[in-house]
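Here is the structure we will look at, set down as structure tokens.
For ligands, and for the atoms within them, numbers begin at 1 and follow the listed sequence.
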Amino acid sequence: MQQHLLILLSSSSNQCLSANSDCAYSYAYVSNDTSTSGILVEDVLHLITDDDQSKAVDALVTFGCGKNETGTFLEGAAPNGLIGLGLNNISVPSTLARNGLGPNSFSMCFGSNVIGRINFGDNGTSDQKETPFTVEPSFPTYNITITQINIGGVNVSQVEFNAIFDSGTSFTLLSDPAYTFISESFNSHVTEKRYPSDSQIPFEYCYYLSAKQIPSTPTVNLTMKGGDQYFVTDPIVLFSTQAGYFYCLGLLKSEGINIIGQNFMTGYRIVFNHDKMVLGWKASNCYNDSNSQTSPTNSSQSPALAVNPKSTAPSSHSPKMKAFTYALVMLLVSFFAIV
Ligand SMILES: *[C@@H]1O[C@H](CO)[C@@H](O)[C@H](O)[C@H]1NC(C)=O
Ligand SMILES: *[C@@H]1O[C@H](CO)[C@@H](O)[C@H](O)[C@H]1NC(C)=O
Ligand SMILES: *[C@@H]1O[C@H](CO)[C@@H](O)[C@H](O)[C@H]1NC(C)=O
Ligand SMILES: *[C@@H]1O[C@H](CO)[C@@H](O)[C@H](O)[C@H]1NC(C)=O
Ligand SMILES: *[C@@H]1O[C@H](CO)[C@@H](O)[C@H](O)[C@H]1NC(C)=O
Ligand SMILES: *[C@@H]1O[C@H](CO)[C@@H](O)[C@H](O)[C@H]1NC(C)=O
Ligand SMILES: *[C@@H]1O[C@H](CO)[C@@H](O)[C@H](O)[C@H]1NC(C)=O
Ligand SMILES: *[C@@H]1O[C@H](CO)[C@@H](O)[C@H](O)[C@H]1NC(C)=O
Ligand SMILES: *[C@@H]1O[C@H](CO)[C@@H](O)[C@H](O)[C@H]1NC(C)=O
């Protein structure tokens, strides 16, 4: 089980020497020694509107065709490629917005069965919870501020800290003091016997579980800047071995960078709104909430990133919004290729 931090660290992509030559790009990621370089290519992204009309929409996007990959890309990360969803203007959501296809905002939904959805042009709903992004111009990321940690109904810390919401990271990583506040407080509420540390498992806090037992996990709530509560619906990771079952708090200790990864986004439609520079979240099972009624894709199918061919989603959005939301269905595990 390996964690890849595919957060863009630096990029250069304006090296077009002449109108007839290839344009070079190079990207470096937060994971050690992980980079890609090559040439820029243009292609068409086929999307459909996320409404009852399921109208086809084609959008020109630019992406990097990698020629030289290093680091975790050589160890199996992202075999199907990466989609740029960042704040910079070359990202897919920024490009679609610049082409007039809708608000510069998109949403991702993380279902419980490793299937999810991404909707471009989706700026959420007025009843979602929100917190502002704090962006460093030199390193633009979806950086938010957590003001309080509440475990099992107890406020365990008032220490403010920042974390990046990153869908390209599978498990949440926090540095101290937040890591210790959460894990020790979580541990103090758990009644199951502690599972000994195991070099195969990256998590520190693990517990035995009998076959039909439901883990006695405490609630994990984060208070975001502005006061809205972010309830972590699925803080644990279950394991089954020949010897039996155990589960772990799905949190890794980091030195420095704090990342809210995919596992802490489960159960939500997370809105990354570039126009308003806010993160939004609302409970969702990805398919049959008011925004969408698409059936989940069969998870044994192989396309990592595909236009959902069967979207019949009636939308509660205004007619204007309807035409502006485009859906892709993805299989998160193979899409982000993090194992
Ligand atoms: C990156 O590599 C350096 C030198 O090899 C090492 O000291 C450091 O711990 C590594 N960092 C991470 C996050 O793996
Ligand atoms: C590939 O990229 C790495 C990292 O930037 C660089 O050190 C290496 O020289 C490059 N290799 C080739 C063949 O260009
Ligand atoms: C993107 O941003 C860069 C740097 O700010 C700028 O040079 C470039 O023209 C922008 N590209 C587009 C397509 O807006
Ligand atoms: C979404 O964008 C539309 C139009 O750009 C705006 O009217 C609406 O208030 C926005 N909704 C949210 C929740 O930001
Ligand atoms: C996140 O924002 C805080 C507060 O502005 C800043 O100190 C920190 O460097 C930012 N982190 C990243 C990774 O951008
Ligand atoms: C956690 O957050 C949820 C959602 O905001 C809220 O309903 C619940 O009361 C909170 N739980 C605790 C123990 O604070
Ligand atoms: C925990 O902190 C929140 C937000 O600061 C506050 O509203 C709440 O009353 C506190 N709860 C307890 C049990 O102290
Ligand atoms: C949505 O689906 C879930 C699980 O499939 C089901 O329990 C729930 O009742 C459905 N909700 C609606 C509004 O259809
Ligand atoms: C998924 O597709 C496979 C192969 O087409 C099929 O055998 C399986 O029953 C399907 N599973 C579900 C849940 O539909």
(request) Could you tell me which non-hydrogen atom of T233 sits nearest to which non-hydrogen atom of T266, and how far apart they are? (result)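 The pair with the smallest heavy-atom distance is OG1-O, 2.6 Å.
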(message) Would you say CD of E42 has more than 12 non-hydrogen atoms from neighbouring residues, nucleotides or ligands within 6.0 angstrom?
(response)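 Above 12, so yes.
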(request) Inspect the surroundings of CZ in F231 and state if more than 12 heavy atoms from other residues, nucleotides or ligands are less than 6.0 Å away. (result)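 Above 12, so yes.
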(message) If the test is side chain to side chain donor-acceptor pair (under 3.5 Å), which one of D50, N123, D122 qualifies with S107?
(response)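 So the option named by the test is D122.
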(message) Side chains of N104 and D275: any donor to acceptor distance under 3.5 Å?
(response)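 No.
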(message) Need the ligand 5 atom indices (1-based, order shown) with element for anything under 4.0 Å from a heavy-atom of T141.
(response)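 Matching atoms, with element in brackets: 14 (O).
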(request) Report, in ascending order of atom number, the atoms of ligand 5 lying under 4.0 Å from any heavy atom of F139. (result)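 Answer for ligand 5: 13 (C), 14 (O).
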(message) Does the residue S37 have a heavy-atom contact with ligand 2, meaning some pair of atoms that are separated by less than 4.0 Å?
(response)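 Distance cut 4.0 Å: S37 fails for ligand 2.
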(request) Kindly confirm or rule out an N or O of N68 lying under 3.5 angstrom from an N or O of ligand 2. (result)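 Between N68 and ligand 2, an N or O pair is found under 3.5 Å apart.
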(request) Can you spot which of Y195, F246, F239, Y247 makes a ring-ring contact (aromatic ring centres under 6.0 Å, His included) with Y207? (result)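 In the set Y195, F246, F239, Y247, the residue that makes a ring-ring contact (aromatic ring centres under 6.0 Å, His included) with Y207 is Y247.
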(request) Please work out whether the ring planes of F165 and F272 are parallel, tilted or perpendicular, with thresholds of 30° and 60°. (result)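 Rings of F165 and F272: perpendicular, as their planes differ by over 60°.
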(request) Give me the ring orientation class for Y179 and Y205: parallel if the planes are under 30° apart, tilted from 30 to 60°, perpendicular past 60°. (result)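 Rings of Y179 and Y205: tilted, as their planes differ by 30° to 60°.
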Starting from [atom], find the nearest protein heavy-atom neighbour and note its residue, name and distance.
| atom | value |
| --- | --- |
| atom 4 (C) of ligand 5 | N162 OD1, 3.7 Å |
| atom 5 (O) of ligand 2 | S35 OG, 4.0 Å |
| atom 7 (O) of ligand 5 | E136 OE2, 4.4 Å |

(request) Evaluate the 4.0 Å heavy atom contact test for atom 11 (N) of ligand 2: does a protein atom fall under the cut-off? (result)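 Neighbour list for atom 11 (N) of ligand 2 includes protein heavy atoms (cut-off 4.0 Å).
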(message) One residue to check: I164. Relative to ligand 5, which of side chain, backbone, both or neither has a non-hydrogen atom less than 4.0 Å away?
(response)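 For I164, the contact with ligand 5 is made by the side chain alone.
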(request) Closest by any non-hydrogen atom to atom 2 (O) of ligand 5: pick that one out of N143, I259, T134, V135. (result)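 It is N143 whose heavy atom sits nearest to atom 2 (O) of ligand 5.
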(message) Tell me the nearest of N104, V278, N123 to atom 14 (O) of ligand 4, using heavy-atom distances.
(response)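 Looking at heavy atoms only, N123 sits closest to atom 14 (O) of ligand 4.
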(message) Need the ligand 4 atom indices (1-based, order shown) with element for anything under 4.0 Å from a heavy-atom of K276.
(response)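 Near K276, the atoms of ligand 4 are 14 (O).
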